> 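Below you will find the structure I want to go over with you.
A note on names: the letters A, B, ... follow the listed sequences, proteins ahead of strands, and every chain is numbered from 1. Fair warning: this is a prediction, and the values are worked out from it, not measured in the lab.
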There are 2 protein chains.
Amino acid sequence: MKENPTETTIRAWTRLMTAQQLALSSIEHALKAAELPSLVWYDVLLELERAGETGLRPFELERAMLLAQYNLSRLVDRIERSGYVERRACADDGRGQLIVITDRGKNMRRKMWPVYARAIEAAVGRHLSARQADTLSEMLGYLIDRLKGG
Amino acid sequence: MKENPTETTIRAWTRLMTAQQLALSSIEHALKAAELPSLVWYDVLLELERAGETGLRPFELERAMLLAQYNLSRLVDRIERSGYVERRACADDGRGQLIVITDRGKNMRRKMWPVYARAIEAAVGRHLSARQADTLSEMLGYLIDRLKGG
DNA sequence: TCAAGCTTGATGCAGTTGCATAAAAACGTA
DNA sequence: TACGTTTTTATGCAACTGCATCAAGCTTGA
């Protein structure tokens, strides 16, 4: 049984950090340059648009996005203040609420997408063949499953 | 010529974000649980220990670590306040300074290493064979080179 | 040599995150 | 039902980040 990380493992770890950092910051800069909200906002809007009219409970969004509870709570505050989402009372559960995307929110997401897509293409797609991208995402998917599993 | 990211590219992108987020937060929790400083501190201390007696100029550290200037400046403040590094005047350049790790700093780095190593092993090493880790880091290395190149 | 421009580093301010904790509703169970 | 526990959400506070800007020193070139 392995006890210590090998050189190879450490290199993979380090590069995972670096690649993500570089890729993320290039996307964030692209969004900022286009005077659009940051990436998390996009992700929230996308999740909510997929969820449809019903919306999502904060705790569902929290799990879908791997965000801390206190963090999501205030993120939703900010997005709500910009008018892209609404909080509605939740019939089933008096503590809860449902977060629903507004039309403004849908428009904003659609407006962000081309910028985001171009940035992904520039950061990742341009450099990897379909085969490489596939191998990469398969390995990362495997890793993610383990990490989520515990 | 490719213009839009394919499904595969998007999946790779998303998973890169997710895997990093999960892996990083597991490491940070492990360090916090052991009442040790966060990962950036480790990275700074490691860079400085490698640099030896001479230390490094802030701008060198900044580039090595892909950190924003204003960010590094205050990070070094904090680490200095804890006594793990020293700022020394720089002979060649009146604007500049040299950041040098102290003995306390070296001790702290050594104390952090086993916790960090165990966390890397748990987050990455345990789940990937040497061959897989190697493939992963090769692909990420390739990507990083492109991203740094512009 | 000296002014214009570049590089290095710090800092005020606003926005964001993490942590601890609180409050309210739901749930389980005796 | 009533009481302790768990779940869901919010929030005060401190730490950290990003942005814009500043000040000081270096470099260049007429």
Side-chain angles (χ1 to χ4, degrees), chain A residues 17 20-22 24-44 55-82 85-100, chain B residues 17 20-22 24-44 48 55-82 84-100:
Chain A
M17 296 296 118
Q20 188 271 357
Q21 194 179 349
L22 287 168
L24 178 62
S25 81
S26 82
I27 305 278
E28 293 287 16
H29 278 95
L31 287 169
K32 180 138 306 201
E35 302 192 301
L36 293 170
S38 79
L39 189 51
V40 237
W41 287 43
Y42 182 88
D43 289 338
V44 168
L56 286 177
R57 296 286 297 273
F59 74 92
E60 294 175 302
L61 204 45
E62 180 192 323
R63 282 162 205 175
M65 301 188 49
L66 305 175
L67 236 70
Q69 180 274 317
Y70 46 81
N71 233 327
L72 179 70
S73 175
R74 284 187 276 217
L75 178 58
V76 171
D77 285 349
R78 294 190 293 263
I79 303 182
E80 187 186 28
R81 273 198 294 279
S82 300
V85 304
E86 268 176 26
R87 292 186 207 243
R88 292 186 191 157
C90 176
D92 311 355
D93 188 333
R95 296 165 297 184
Q97 53 192 238
L98 286 167
I99 306 174
V100 182
Chain B
M17 295 297 118
Q20 188 270 0
Q21 194 178 347
L22 287 168
L24 179 62
S25 80
S26 83
I27 305 277
E28 293 287 17
H29 278 96
L31 287 169
K32 181 136 307 201
E35 303 193 300
L36 293 170
S38 79
L39 189 50
V40 235
W41 287 43
Y42 182 88
D43 289 337
V44 168
L48 290 177
L56 287 177
R57 298 285 298 271
F59 74 92
E60 295 174 303
L61 204 46
E62 179 192 324
R63 283 162 204 174
M65 300 188 50
L66 306 175
L67 237 71
Q69 181 273 317
Y70 46 81
N71 233 328
L72 179 70
S73 175
R74 283 187 274 217
L75 177 58
V76 171
D77 285 349
R78 293 189 294 264
I79 303 182
E80 188 187 25
R81 271 199 295 280
S82 300
Y84 302 140
V85 304
E86 267 176 27
R87 292 185 206 244
R88 293 185 190 159
C90 176
D92 310 357
D93 189 334
R95 296 164 300 185
Q97 54 191 233
L98 287 167
I99 304 173
V100 182

> Between C:dT8 and B:Arg63, is there an OP1 or OP2 to side-chain N/O distance shorter than 4.0 Å?
yes

> By nearest heavy atom, map B:Gly94 and A:Asp93 onto DNA chain D; which one lands nearer the 5' end?
A:Asp93

> Starting at atom CG of B:Asp77, determine the distance to atom P of C:dG9, rounded to an integer number of angstrom.
13 Å

> For A:Gln69 and D:dG12, give me the distance from atom CD to atom P, rounded to whole Å.
14 Å

> Ignoring backbone atoms, establish whether A:Gln97 has a side-chain N or O less than 4.0 Å from OP1 or OP2 of D:dA10.
yes

> Distance criterion of 3.5 Å, no angle test: do you see the side chain of B:Arg95 paired donor-to-acceptor with the base of C:dT7?
yes

> Between A:Arg78 and A:Glu80, is there a salt bridge with N-O shorter than 4.0 Å?
no

> Can you check the A:Arg78 CZ to D:dG18 C1' distance for me, whole Å?
14 Å

> Do B:Leu61 and B:Val44 make a side-chain contact, defined as non-hydrogen atoms from C-beta onward lying under 4.5 Å apart?
yes

> For B:Asp92 and D:dC26, give me the distance from atom CG to atom P, rounded to whole Å.
10 Å

> Do A:Arg57 and A:Ile99 touch side chain to side chain, with heavy atoms closer than 4.5 Å?
no

> Roughly how many Å is it from CG in A:Leu98 to C1' in D:dT8, rounded to a whole number?
13 Å

> Is the distance from OP1 or OP2 of C:dG9 to the nearest side-chain N or O of B:Ser73 less than 4.0 Å?
no

> So do B:Val100 and B:Leu48 actually touch side chain to side chain, heavy atoms under 4.5 Å?
no

> Using only modelled atom types and a 3.5 angstrom limit, is any donor from either the side chain of A:Arg74 or the base of C:dG15 paired with an acceptor on the other?
no

> Any side-chain N or O of B:Arg87 below 4.0 angstrom from OP1/OP2 of C:dA10?
yes

> Specify the separation, in whole Å, of atom CD of A:Glu60 and atom C1' of D:dT8.
12 Å

> Counting only side-chain N and O atoms of B:Lys32, is one of them less than 4.0 Å from OP1 or OP2 of C:dG18?
no

> Check the distance between C:dT8's P and B:Leu61's CG and give it to me in whole angstrom.
14 Å

> Might you point out which heavy atoms bring B:Arg87 and B:Gln97 nearest each other, and give the distance in Å?
NH1-OE1, 2.7 Å

> Does A:His29 or A:Arg57 map to a spot on DNA chain D nearer the 5' end, using the closest nucleotide for each?
A:Arg57

> At less than 4.0 Å, is any side-chain N or O atom of B:Asn71 found next to OP1 or OP2 of D:dG18? Yes or no.
yes

> Please report the distance, rounded to the nearest Å, between CD1 in B:Ile27 and C1' in C:dG18.
18 Å

> Could you tell me whether the phosphate oxygens of D:dA10, OP1 or OP2, come under 4.0 Å of any side-chain nitrogen or oxygen in A:Tyr70?
no

